[in-house]
Amino acid sequence: MGLFQALDTAVSGATMTRVWLDSIADNVANINTTRPPDEEPFRARQVVAQSVTAADGTGRGVRVQEIRLDDSESQLIYDPHHPHADEYGLVRMPNVSLDKEMTNLLLANRVYSMNLSVMDRAINSYRAALQIGR
């Protein structure tokens with residue numbers, strides 16, 4: 001693997017992770033978003049990543065394959081005074097779990113940091129190689 005390939009792989013990981021972080025932020029921002037009973041509640045977004053490989057089978061990074069909506073059931077809470085309550089006083093809440101989102105945030109932050117570290121090391125290696133030729 002060449003130096004620029006390492007840099008390209010790390011950039012692809014950082015780019016995918018940025019999309020993941022945006023998805024997490026969107027989920028957390030909508031954790032209390034409700035809608036009228038006749039509308040679909042907010043569904044958590046999940047980023048699906050896919051590895052990218054070259055023709056010879058070596059890894060070339062990662063890309064976002066899709067962003068899918070979580071199909072788990074949303075929670076019903078009893079709040080008859082809520083403007084989006086149905087005739088029984090139930091409000092359908094989004095299927096966003098703050099515990100899960102915070103865990104994903106920690107993981108995504110670590111992945112992003114590791115990719116930035118790889119990019120930094122690749123750039124420093126390239127600079128060092130240029131200094132040898134002087």
Side-chain angles (χ1 to χ4, degrees):
M1 176 184 281
L3 179 64
F4 290 115
Q5 290 172 343
L7 192 58
D8 289 343
T9 300
V11 168
S12 75
T15 301
M16 186 281 306
T17 308
R18 183 192 49 81
V19 174
W20 188 16
L21 288 166
D22 288 345
S23 174
I24 293 167
D26 189 38
N27 291 342
V28 171
N30 286 289
I31 199 163
N32 291 316
T33 300
T34 60
R35 296 193 177 124
D38 58 336
E39 292 182 22
E40 180 72 16
F42 178 84
R43 299 252 174 228
R45 274 72 173 146
Q46 298 175 330
V47 175
V48 178
Q50 179 183 26
S51 63
V52 177
T53 55
D56 63 357
T58 59
R60 291 290 188 251
V62 67
R63 70 176 185 87
V64 174
Q65 179 180 4
E66 69 176 304
I67 299 175
R68 68 172 62 141
L69 299 179
D70 186 352
D71 60 355
S72 65
E73 281 297 314
S74 54
Q75 179 183 4
L76 287 172
I77 62 166
Y78 180 73
D79 187 357
H81 302 294
H82 194 284
H84 293 148
D86 63 10
E87 64 271 9
Y88 304 107
L90 298 174
V91 179
R92 187 165 300 280
M93 298 301 291
N95 63 349
V96 178
S97 165
L98 188 58
D99 296 342
K100 180 179 175 182
E101 297 303 324
M102 295 309 292
T103 302
N104 285 338
L105 180 63
L106 291 171
L107 290 170
N109 185 35
R110 292 287 288 190
V111 171
Y112 191 75
S113 295
M114 286 186 275
N115 280 295
L116 291 180
S117 177
V118 169
M119 286 189 286
D120 188 46
R121 289 179 185 184
I123 290 168
N124 287 338
S125 297
Y126 184 64
R127 285 184 182 147
L130 288 174
Q131 293 298 322
I132 293 173
R134 287 188 176 186

**Complete:** Glu40 meets the side-chain contact (heavy atoms from CB on, under 4.5 Å) criterion, sequence neighbours left out, with Arg43
**Request:** Given side-chain contact (heavy atoms from CB on, under 4.5 Å), test Leu7 with Ile123 step by step and report yes or no.
**Result:** CA-CA 8 Å; Leu7 192 58; Ile123 290 168; 4.2 Å; yes
**Item:** Value rounded to 0.5 Å, distance of OH in Tyr112 from CG in Asn109
**Value:** 10.0 Å
**Item:** Distance (rounded to the nearest 0.5 Å) between Leu105 CG and Arg110 CZ
**Value:** 13.0 Å
**Message:** Is it the case that the side chain of Asn104 and the backbone of Ile24 share a donor-acceptor pair, with hydrogens and angles ignored and the cut-off at 3.5 Å?
**Reply:** no
**Asked** Can you name the closest pair of heavy atoms from Asp86 and Pro37 and give their distance?
**Response** CA-CG, 3.8 Å
**Thr15 and Val11, any side-chain heavy atoms less than 4.5 Å apart** = yes
**Request:** Evaluate the side-chain proximity of Gln131 to Arg127: yes if any heavy-atom separation is below 4.5 Å, no if none is.
**Result:** no
**Item:** Side chain Asn115, main chain Val111, donor-acceptor under 3.5 Å
**Value:** yes
**Message:** Under the rule for side-chain contact (heavy atoms from CB on, under 4.5 Å), what residues qualify as partners of Asp38, not counting sequence neighbours?
**Reply:** Pro36
**Message:** Using 0.5 Å steps for rounding, measure from the CG atom of Asp26 to the CD1 atom of Ile31.
**Reply:** 12.0 Å
**Asked** Side chains of Asn30 and Val96: does their closest heavy-atom pair fall under 4.5 Å?
**Response** no
**Heavy-atom side-chain contact between Asn27 and Phe42 under 4.5 Å** = yes
**Message:** For Ile67, give me all partners under side-chain contact (heavy atoms from CB on, under 4.5 Å), at least two apart in sequence or on another chain.
**Reply:** Val19, Arg45, Val47, Val64
**Message:** Please find the pair of heavy atoms, one from Met93 and one from Ser74, that lie closest to each other, and give the distance.
**Reply:** O-CB, 2.8 Å
**Prompt:** If only atom types and distance count, is the side chain of Ser12 paired as donor or acceptor with the main-chain N or O of Val62 below 3.5 Å?
**Reply:** yes
**Prompt:** Given the rule that I, L, V, M, F, W and Y join up when any side-chain heavy atoms are under 4.5 Å apart, are Val91 and Leu98 in one cluster?
**Reply:** no
**Asked** Does Thr103 use its side chain to pair, donor to acceptor, with the backbone of Asp99 at less than 3.5 Å?
**Response** yes
**Request:** Would you mind reporting whether Met102 and Leu106 have side-chain heavy atoms less than 4.5 Å apart?
**Result:** no
**Item:** Value rounded to 0.5 Å, distance of NE2 in His84 from OG1 in Thr33
**Value:** 10.0 Å
**Message:** For Ala54, is there any backbone N or O sitting under 3.5 Å from a side-chain donor or acceptor partner on Thr58?
**Reply:** no
**Request:** May I ask you to test the Arg92-Glu73 pair for a side-chain heavy-atom distance under 4.5 Å?
**Result:** yes
**Asked** Closest approach of Tyr88 and Tyr78, non-hydrogen atoms and distance?
**Response** O-CE1, 3.4 Å
**Asked** Short question: side chain of Asp70, backbone of Gln46 - any donor-acceptor pair under 3.5 Å?
**Response** no
**Prompt:** Roughly how far apart are Ser51 OG and Arg60 CZ, rounded to 0.5 Å?
**Reply:** 12.0 Å
